[in-house]
Structures are given as structure tokens and as C-alpha cells.
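Below you'll find the structure, written out as C-alpha cells, and then a few comments.
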Amino acid sequence: MHEYDVVVVGGGPAGCMAAKYAAKEGVSTLIIEEDAEIGEPVQCAGLISKRAIEESELKSKSFINCELKGAIIHSHSYEVRIESPSPEKRAFAIGRSVFDKELAKEAQKEGADIILRSKVKKVKKREGEAKLTINTTGGAEIRASVVIGADGVRSAVAKMAGMKVTKNFLNCVQIEGEYEIDEAFAEIFVGKTIAPGFFAWAIPLGAEGIARIGLCIDKRVSPHPNPLLFLKRNLSEHPVIARKYKGSSSNFTAGTIPIPVGASLRRRGSGQTVRIDKEVGIMLVGDAAAQVKPITGGGVYYGMKCGKIVGEIAAKACLMGDMKVLNAYERRWWKEMGKEIAFGLKVHRLRCVISDKDFDTIFHTLSQDDALQLIKRKGDMDYPSVVFREFLKHPRLIKLMAMNILKYLYTK
Ligand SMILES: Cc1cc2nc3c(=O)[nH]c(=O)nc-3n(C[C@H](O)[C@H](O)[C@H](O)COP(=O)(O)OP(=O)(O)OC[C@H]3O[C@@H](n4cnc5c(N)ncnc54)[C@H](O)[C@@H]3O)c2cc1C
């Protein structure tokens, strides 16, 4: 029987950061990871901001595949090219396998232990005991005061604790393949036949002419639930993707992205990421807590940011012997990114109901010089609501929203 103050379930970016920050405060910390290797298998396009790289606190930059100059967004009839105005606003394509391994090493350097090939099956508080008992597939029984569920989008910890934070899931697929890359621009493709309810992407990985090509769909508005069908069609028929894609394919991946419950459900008790039972507590972080940007599906930056908060607070609660300290987590992370997530949910809902013609109207509006200047000034991939709020004041977009208001209101 092993005993720790804090046990983190899952060794992704959120879990590694949580463990690093808990161990840093001086409490005994363990990461339990079900896979044989941290960072594998990869289920990510690996597009993150410079800010996210700084947030990782990693000195080695061996995980960077490519620095991107900007993005080109394609609707059915328009193309908007957005160049990053400064190096500070650049995005990077990264290799998640190396990135996650580096994060895990940093957690270990601070004193956290890691067990691999161990799937957490049960987290339970036994009557009269002042610790949680964690059972794994390896047969190990581990005890802890605080368990942090950083076990991703299908979090078993959240299920066991009865915590409902996710309303819906996006289904995603991706391959790596040869792709014509003129410059290091990420490409985004929107449209109901391309990626219903979300978007498709091609992200260059450097000079070798390889890109990550993928998409997500929202099943609720898709004529077909399998995203692979759309990927195959895009690769063979999309006027831009099919022309640039050269036919090879490797590193196929499929995964899901959580869409969090909305603010009104949170107020009614769903969406809470902390449970306290006398002397013990369970907390959720990262995808397990649905801490993702609903507009882009990105979760690495929020996961690391919330990982720091959750780790620090879990350690404080253990050091003070007072689990009520854990309640601060919910307030702190929501203060940092709650408004962004709540606004992002509205944009996602609007995206699900508008037509391809509406997308054309939006991208035609965005291709105007003043709109492009606004994107350059205020565009921020980690906090996209800032620029979206400005756009929604544009008369053409107000008209578009007014025309879609009924569909918007009656789409769950
Ligand atoms: C196709 C796709 C593309 C994406 N592209 C991007 C992108 O470009 N940029 C971005 O920021 N985000 C992207 N995301 C989202 C991003 O991958 C996640 O938000 C991020 O990985 C979340 O980190 P995490 O640490 O919360 O969870 P994960 O990285 O999912 O880590 C969870 C870990 O928990 C382990 N685990 C699960 N259950 C158990 C258990 N019972 N016991 C022990 N271990 C367990 C898993 O093996 C895993 O290692 C993408 C997602 C998908 C599906």
C-alpha cells in the first residue's frame, strides 16, 4: 500500500503541470498513467501559441516542429489571409509526444513520482477512513488525500465522482501527409460539407512538405456521425485540400474534444470541478474538466494553466489539513477563463446553425481591410472572444445573427 498527499490520474499536459505544482509546494505527489509511455498515443494537431509555450516553462524547445507565420481561412467562396503582426502573436506546430514527455520530466524534477501502465479503476472513500483509496489495473492500492482527475475527455474520475462537466463531444480525425506548403501558414476550412459544426485544418510541420490534415465535427448537426467520411472526401474532392494533398498518409489519429456545460447549468450545480468529503477531495483539470476553447477546440494552454492552479491549491489543502481550501480552485480557474469559455459556447452554437452562405458573408466581411487590421490588433488564439466581440458589432454580422436568431434559440 502506497500513500501520497496528492494523486494525479493522467499524465497529459494538465496532469503533469498539476503534479509539478503540487510537488513544488512540498507535498508527496504521484502521477498514474494508463499508457506505457507519456505522450503516446498522440491525439492532437499540436497548434499552440507562443504564450502556451511560455506557460509550459520548458527550456528545451525540441518539441517545436514549425513556427507559423499566420493562418489562411477558407469558406466556400472566400479566403482570408491573416499574417501574425509580431513574433509575440505567432503560433507553433509542436510534437505532443516530446512536449508531454518534457512536462513529465519537469514534474519528476520537482519530486513527483510516476507510475505507467496503470489504469485507475476505482477511487473511493471508505467509511471511517480519512483517505481516498485508488485501485488500478496493476492491482496496486494507493491512498491519497486529494485525487486530481486529469484523465482526459472521457474522465473515469469524473464519472466515479458523479461530476458532470461536459455537455457534448466533437469527433475528430487527423492524418499526417505530404501537402503543398508555400509558406508556413496554417489553413482552416469551414463549411457544412467540409466539417459540419466545426472546421477542418492543414497545419504545416516544417520544410519537408508534411502537414497535419484533419477535422472535427459536431454530430448533432452532421448528416453522418463518422468524421473519417468527411476527411476522405476533403482529401479527394475539396478544391484546395485535394489539390495540395499529395497522397501519402501516416500517424492517423481519432479523438474527441469536450464541449463544456454552459454557464446556466454551472449555476445549477453541473460543471463543478471540486468535490469535498470531509478530509478528502476530488478535483478535475484539463479535458477532464472540459477546460477547452469551444471556438477552436484547443485545450493544451488552458489545461496547463489550470494544472498550475489545481496543483498549488491541492498542495495547500494538504499542508493546512483543511479541504475547504479546495473550493478556491473553482473560483480561480473560472475567473481566468470562464467568460472566454461561456462566450465561446455561444459562438460554437451560432457556427452550428449558420449556412455556408452565411460563412461566405462572414469571411467576405473579414477580408475587408478594417476587419483585417482589427484581427491583427486584437486577434489572440488563446482568448478569441476579444476579437469576436468586436466583429459581432459589424452591421452585416448583426443582420446575419438576426436572420439566424430563431435557429440559434431553438438549437440545443
Ligand atoms: C484531433 C485533435 C486535435 C487537437 N488539436 C489541438 C491543438 O492543435 N491545440 C490544442 O491546444 N489542443 C488540441 N486538442 C485538444 C488537446 O489535445 C487536449 O485539450 C489536451 O490533450 C488535454 O490535455 P489533458 O492533460 O487534459 O488530457 P490528455 O492529454 O488527454 O491526457 C489524459 C491522460 O490521462 C490518461 N488516462 C485516461 N484515463 C486514465 C485512467 N483511468 N487511469 C490512468 N490514466 C488515464 C490518458 O492515457 C492520457 O495520457 C486536440 C484534440 C484532438 C482530439
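All residue numbers in this chain count up from 1 along the given sequence. Each ligand, and each atom within it, is numbered from 1 in the order the structure gives.
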Subject >> Distance-only N or O hit between ligand 1 and Q174, under 3.5 Å >> reply: no
Subject >> Mode of Q291 contact toward ligand 1 - side chain, backbone, both, neither (heavy atoms, under 4.0 Å) >> reply: neither
**OP:** Would you mind telling me if ligand 1 is within reach of the side chain of S118, the backbone, both or neither, using heavy atoms under 4.0 Å?
**Re:** backbone
Original post:
Given that the side chain starts at C-beta and the backbone is N, CA, C, O, which of these parts of E34 lies under 4.0 Å from ligand 1, counting heavy atoms, or is it both or neither?
Top reply: both
Original post:
At under 4.0 Å between heavy atoms, which part of A150 makes contact with ligand 1: side chain, backbone, both or neither?
Top reply: backbone
**OP:** Measure the acute angle between the ring planes of F359 and F363, then classify it against the limits of 30° and 60° as parallel, tilted or perpendicular.
**Re:** parallel
Original post:
Is it the side chain (CB and beyond), the backbone, both or neither of A45 that lies under 4.0 Å from ligand 1, heavy atoms counted?
Top reply: both
Original post:
What do we get for V9 next to ligand 1 when only non-hydrogen atoms under 4.0 Å count, side chain, backbone, both or neither?
Top reply: side chain
Original post:
For atom 41 (N) of ligand 1, what is the nearest protein heavy atom, given as residue, atom name and distance?
Top reply: V120 O, 3.2 Å
Subject >> Region of T253 engaging ligand 1 - heavy atom pairs below 4.0 Å >> reply: neither
Original post:
For ligand 1, is there an atom lying under 4.0 Å from some heavy atom of G303?
Top reply: no
Original post:
With no hydrogens and no angle check, is any side-chain donor or acceptor of S236 less than 3.5 Å from a backbone partner on K232?
Top reply: yes
